[in-house]
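Structure first, then comments.
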Amino acid sequence: MAAVRVEAVLAAAEEQEAEKRRSITVEKELELEYDLGNLLAMDRNPPPAAALRGAGPRREALLQALARDNTQLLVSQLWELPAERAGGAGGPLVAQLPEPTFPLPREKPPPKPRPPTRWEQFARLKGIRRKKKTSLVWDEQAKEWRRRWGYRRAGGDPSRAWLAEVPAGADPEEDQFARLRREKRERVARNELNRLRNLARAHRAGSAVPAAPLHPTGHQDRDELRRVARVARVSTASLGRFQPRLPKEPAEPPSRSGGKKRRFEPLLGNLAAERSRQLELLRDMGSKKPVLDITRAVNKQLRQEEAEAAAANKGKKQSKRGKRGRRQQRPGRSSKKSGARRQPQQKPAGGGAGGGRRKKA
């Protein structure tokens with residue numbers, strides 16, 4: 001067995017160490033620009049143009065090596081950030097990312113701000129500021145803290161109290177409990193009407209075509225109230241699909257869009273689908289043959305045939321009606337009923353043309 005020299009062993013160890021360092025050491029002419037908040041690295045170094053020409057294994061290998069080097073530089077920058085253990089000493093190591101600096105576009109459009117209500121507009125005009133109240137108040141009767149509004153509120157519901165005070169100047173024979181219940185129903189109805197007005201105003205402000213104005217004094221006619229109820233119905237998340245209908249409320253006609261919402265494709269997603277969609281669009285634009293919609297053409301043909309059949313049937317009915325009228329006008333074929341109808345229309349003897357002919361005879 002040949003003797004192994006120490007120099008050869010040391011040289012092999014140095015080569016292995018250099019290979020390990022080469023895997024994490026990347027040299028660039030220009031430093032990369034980093035946005036660690038978005039995990040983004042921008043490489044300003046131009047790639048070799050000769051190696052990127054054409055398509056082949058050499059180009060793919062170059063692109064993979066370039067992506068690998070830039071990823072290694074980004075990971076090296078992440079390891080320099082302050083980190084801590086999540087969930088104790090045995091947890092994973094988590095790095096604290098800084099605030100992002102590169103502005104990225106939104107995937108979805110920003111939500112539209114909610115239009116102010118009538119009270120908010122009035123408060124802004126008069127300079128009224130909202131004072132924050134605590135949700136719990138002390139109830140002297142129950143001797144405990146209760147909610148200011150809602151179920152089991154402080155003081156209880158006056159309409160459900162066992163004793164009601166008769167106001168000064170009121171009819172002593174009037175049922176005060178019935179009056180309190182009636183006033184409560186009126187307040188609830190007034191609040192619901194105000195809520196529907198706010199929804200109608202918001203819908204009118206958000207629509208492109210301005211709707212008919214509503215009277216703010218409360219003198220709405222039947223059409224305006226029906227429109228307000230329809231707007232309130234479709235203001236839910238299900239677009240009014242699960243809302244109960246009123247006893248005499250008509251069914252809503254189907255919309256032209258078929259009830260489909262607008263769908264926005266994600267900006268970062270399936271690139272293959274985006275590529276195929278763009279190629280199909282360019283292919284249709286470049287082709288000289290017009291795009292034929294089979295469904296639309298069939299529907300148009302069916303409507304045309306139905307219209308022609310309806311016109312033919314209408315013509316047949318009119319011709320039959322005309323023939324029936326001519327038959328009734330022929331002499332000698334009139335029925336007894338028709339003669340009975342014409343009998344009162346005959347002129348008296350001696351006063352018409354028949355009497356004249358008799359005189360000549």
Side-chain angles (χ1 to χ4, degrees), residues 37 84 86-88 94 96-100 106 108-172 174-207 213-220 224-225 227-244 246:
E84 59 182 5
V94 180
Q96 299 179 1
L97 298 179
E99 293 294 332
R106 288 177 57 94
K108 304 295 183 188
K112 297 181 180 180
R114 180 183 61 84
T117 60
R118 290 187 60 193
W119 166 250
E120 293 176 352
Q121 296 177 358
F122 177 78
R124 187 183 300 109
L125 180 63
K126 297 297 183 179
I128 301 175
R129 296 184 179 181
R130 183 177 180 181
K131 297 180 181 180
K132 187 175 181 180
K133 297 181 180 180
T134 58
S135 59
L136 297 178
V137 293
W138 178 257
D139 190 357
E140 294 293 342
Q141 299 178 1
K143 302 299 180 182
E144 63 179 3
W145 291 92
R146 289 190 175 183
R147 297 184 182 92
R148 187 183 296 272
W149 304 280
Y151 177 68
R152 290 178 56 86
R153 62 181 180 181
D157 191 355
S159 60
R160 295 185 178 183
W162 66 275
L163 179 64
E165 182 180 359
V166 179
D171 186 6
E174 183 183 4
D175 188 357
Q176 300 299 324
F177 296 100
R179 180 183 60 83
L180 293 175
R181 288 193 296 269
R182 184 176 62 255
E183 291 178 355
K184 182 178 181 180
R185 287 195 300 268
E186 292 176 356
R187 289 195 303 270
V188 172
R190 185 167 56 253
N191 294 336
E192 182 67 15
L193 180 60
N194 293 334
R195 186 182 70 86
L196 295 178
R197 286 180 181 175
N198 292 331
L199 290 176
R201 189 180 296 106
H203 181 75
R204 185 170 64 252
S207 60
L214 297 178
H215 300 288
T217 56
H219 300 286
Q220 285 92 354
E224 291 177 351
L225 292 178
R227 183 171 63 254
V228 170
R230 182 170 61 252
V231 171
R233 174 183 299 278
V234 300
S235 62
T236 58
S238 62
L239 297 179
R241 182 179 302 176
F242 306 104
Q243 291 295 112
L246 298 177

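- Among all heavy-atom pairs drawn from Pro111 and Arg106, the shortest one is CD-NH2, 4.0 Å.
- Around the CD atom of Gln96, the shell of radius 6.0 Å holds more than 12 heavy atoms that belong to other residues, nucleotides or ligands.
- Formation of a donor-acceptor pair under 3.5 Å by the Arg147 side chain with backbone atoms of Trp149 is not found in this model.
- Inter-residue side-chain proximity for Glu192 and Leu196 is flagged as met; some heavy-atom pair is nearer than 4.5 Å.
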Would Trp138 and Lys143 count as a side chain to side chain contact (heavy atoms under 4.5 Å, CB included) if you check the C-alpha gap in whole Å, the side-chain angles of each, and the deciding distance to 0.1 Å?
-> CA-CA 7 Å; Trp138 178 257; Lys143 302 299 180 182; 4.2 Å; yes
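- Across all non-hydrogen atoms, the minimal contact from Arg179 to Pro167 is NH2-CG, 3.8 Å.
- When all heavy atoms of Val137 and Arg148 are compared, the pair lying nearest together is CG1-NH2, 3.2 Å.
- Gln176 places none of its side-chain heavy atoms less than 4.5 Å from the side chain of Glu165.
- Salt-bridge annotation for Arg190 and Glu186: absent, with no side-chain N of the basic residue lying under 4.0 Å from a carboxylate O of the acidic one.
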Run the side chain to side chain contact (heavy atoms under 4.5 Å, CB included) check on Lys184 and Leu180 step by step: do they pass?
-> CA-CA 6 Å; Lys184 182 178 181 180; Leu180 293 175; over 6 Å; no
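- Note: Leu193 CG to Asn198 CG = 9.5 Å, rounded to the nearest 0.5 Å.
- In terms of heavy atoms, Phe122 sits closest to Ile128 at CE2-CD1, 4.0 Å.
- Of all non-hydrogen atoms in Arg146 and Ala154, the two that sit nearest each other are CB-N, 3.9 Å.
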